[in-house]
Amino acid sequence: SRDCFGLKSSQRLHRIATPKIIFGLAMTIKIMRIIGLDMGTKRVGIAMTDELGIIAYPFGTIVYNGYNELCKKIKLIVDEHKIEKIIVGFPKNMNGSNSKYSDTVQNIVSKLKNEIKISVDIIDERLSTVEAERILIDADVSRKNRKKHLDELAATLILETYLDKLKMQNDPKCLKC
């Protein structure tokens with residue numbers, strides 16, 4: 001059977017997997033995979049986009065004992081998944097001022113930029129962990145499992161915020177943004 005573009009299902013899958021042509025129109029799409037980081041003093045939650053850079057999903061949590069170890073672990077993920085950009089949640093107080101952890105995160109961001117050599121941006125992460133915890137509680141996740149998934153879910157919210165910001169910049173009529 002053929003779809004509305006006259007493609008067989010195997011051709012359609014190839015077209016989806018090779019996103020140079022969408023909806024039968026010749027377009028060039030810049031594929032950019034991005035990771036989002038929710039920085040903590042002992043753990044870092046990681047979220048990643050799909051290959052098209054459209055959807056954010058939880059990827060995992062890194063437990064670390066020093067910034068050198070953290071940078072090495074992040075570099076492995078960047079190299080293995082061909083990441084082109086890192087978005088780091090930047091901790092701020094509710095009044096917009098920098099938190100006590102802001103300088104530490106800024107130092108880690110500088111180290112990542114020097115070590116990994118890809119674009120590293122920061123984004124306001126206020127209430128991302130609170131919102132992640134609320135989502136897990138609403139989903140009736142046990143306290144033990146909440147602790148396991150809290151950081152990566154917070155990272156996903158940070159990355160979704162960044163992706164929404166991109167949508168708004170590219171489409172000023174975007175009502176969701």
Side-chain angles (χ1 to χ4, degrees), residues 19 29-64 67 70-71 73-78 80-113 115-141 145-177:
I29 295 177
K30 172 73 172 123
I31 297 174
M32 183 186 322
R33 199 154 214 199
I34 306 168
I35 58 173
L37 305 178
D38 178 44
M39 304 298 296
T41 55
K42 297 177 186 173
R43 292 185 313 270
V44 174
I46 302 173
M48 187 178 294
T49 62
D50 60 336
E51 290 83 5
L52 296 176
I54 298 170
I55 300 168
Y57 62 90
F59 182 74
T61 302
I62 295 176
V63 178
Y64 68 97
Y67 303 131
L70 175 61
C71 285
K73 289 181 176 184
I74 293 172
K75 185 168 178 17
L76 285 173
I77 293 168
V78 165
E80 183 178 335
H81 296 278
K82 298 176 178 59
I83 304 300
E84 293 184 43
K85 182 175 251 186
I86 300 173
I87 303 301
V88 179
F90 192 71
K92 291 189 171 217
N93 295 319
M94 290 308 294
N95 66 4
S97 65
N98 288 349
S99 75
K100 61 182 179 182
Y101 192 56
S102 295
D103 289 340
T104 303
V105 170
Q106 193 63 54
N107 289 337
I108 293 170
V109 167
S110 296
K111 191 163 183 57
L112 285 172
K113 284 180 179 180
E115 298 276 327
I116 299 180
K117 307 284 190 233
I118 64 171
S119 176
V120 181
D121 292 337
I122 59 173
I123 191 166
D124 187 349
E125 71 158 10
R126 276 181 280 188
L127 299 177
S128 62
T129 303
V130 172
E131 185 177 352
E133 178 124 35
R134 184 191 49 75
I135 290 168
L136 292 170
I137 289 169
D138 289 349
D140 204 25
V141 175
N145 283 331
R146 278 199 307 261
K147 186 174 180 180
K148 277 192 231 174
H149 300 289
L150 184 63
D151 296 317
E152 65 183 357
L153 184 55
T156 304
L157 295 172
I158 290 166
L159 190 51
E160 283 179 347
T161 301
Y162 175 77
L163 294 174
D164 287 345
K165 207 171 179 182
L166 280 182
K167 278 185 223 169
M168 192 169 86
Q169 289 171 352
N170 292 334
D171 183 5
K173 293 182 261 180
C174 179
L175 296 176
K176 180 181 181 264
C177 309

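Note that this is a predicted model, so its numbers are computed, not measured.
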Heavy-atom side-chain contact between [X] and [Y] under 4.5 Å:
| X | Y | answer |
| --- | --- | --- |
| L153 | R146 | no |
| V44 | D38 | no |
| E84 | I34 | no |
| E133 | L150 | yes |
| L37 | L112 | yes |
| I122 | V109 | yes |
| L127 | M94 | yes |

State whether the side chain of [X] and the backbone N or O of [Y] hold a donor-acceptor pair below 3.5 Å, judged by distance alone.
| X | Y | result |
| --- | --- | --- |
| Y101 | G40 | yes |
| D50 | G53 | yes |
| N95 | S97 | yes |

Could you check whether E51 pairs with R33 (Lys NZ or Arg NE/NH1/NH2 to Asp/Glu carboxylate O, under 4.0 Å)?
yes
side-chain contact (heavy atoms from CB on, under 4.5 Å) filter on K111, not counting sequence neighbours, yields Y67, N68, C71, E115
Take Q106 and F90 through the test side-chain contact (heavy atoms from CB on, under 4.5 Å) and record every step on the way to the result.
CA-CA 8 Å; Q106 193 63 54; F90 192 71; 3.6 Å; yes
Output every pair passing salt bridge (Lys or Arg N to Asp or Glu O under 4.0 Å) with a member in residues 117-128, not counting sequence neighbours, ordered by first then second residue.
K85-D121, D124-R126
Test log, rule side-chain contact (heavy atoms from CB on, under 4.5 Å), inputs T61 and H149
CA-CA 8 Å; T61 302; H149 300 289; over 6 Å; no
Distance-minimising heavy-atom pair for [X] and [Y]:
| X | Y | result |
| --- | --- | --- |
| E152 | I46 | CB-O, 3.8 Å |
| L70 | M39 | CD2-CE, 3.5 Å |
| T156 | Y57 | OG1-C, 3.6 Å |
| G36 | L159 | N-CD2, 3.8 Å |
| L157 | A132 | CD1-N, 3.6 Å |
| S99 | S102 | N-OG, 2.8 Å |

Could you give the distance from [atom1] ([X]) to [atom2] ([Y]), rounded to the nearest 0.5 Å?
| X | Y | atom1 | atom2 | value |
| --- | --- | --- | --- | --- |
| E131 | S128 | CD | OG | 8.0 Å |
| I87 | T49 | CD1 | OG1 | 10.0 Å |
| I118 | I86 | CD1 | CD1 | 4.0 Å |
| D164 | I123 | CG | CD1 | 9.0 Å |
| K75 | I116 | NZ | CD1 | 6.5 Å |

Could you please spell out the steps behind the side-chain contact (heavy atoms from CB on, under 4.5 Å) verdict for N145 and L136?
CA-CA 9 Å; N145 283 331; L136 292 170; over 6 Å; no
Criterion side-chain contact (heavy atoms from CB on, under 4.5 Å) on V63 and K42, from CA distance to verdict:
CA-CA 6 Å; V63 178; K42 297 177 186 173; 5.5 Å; no
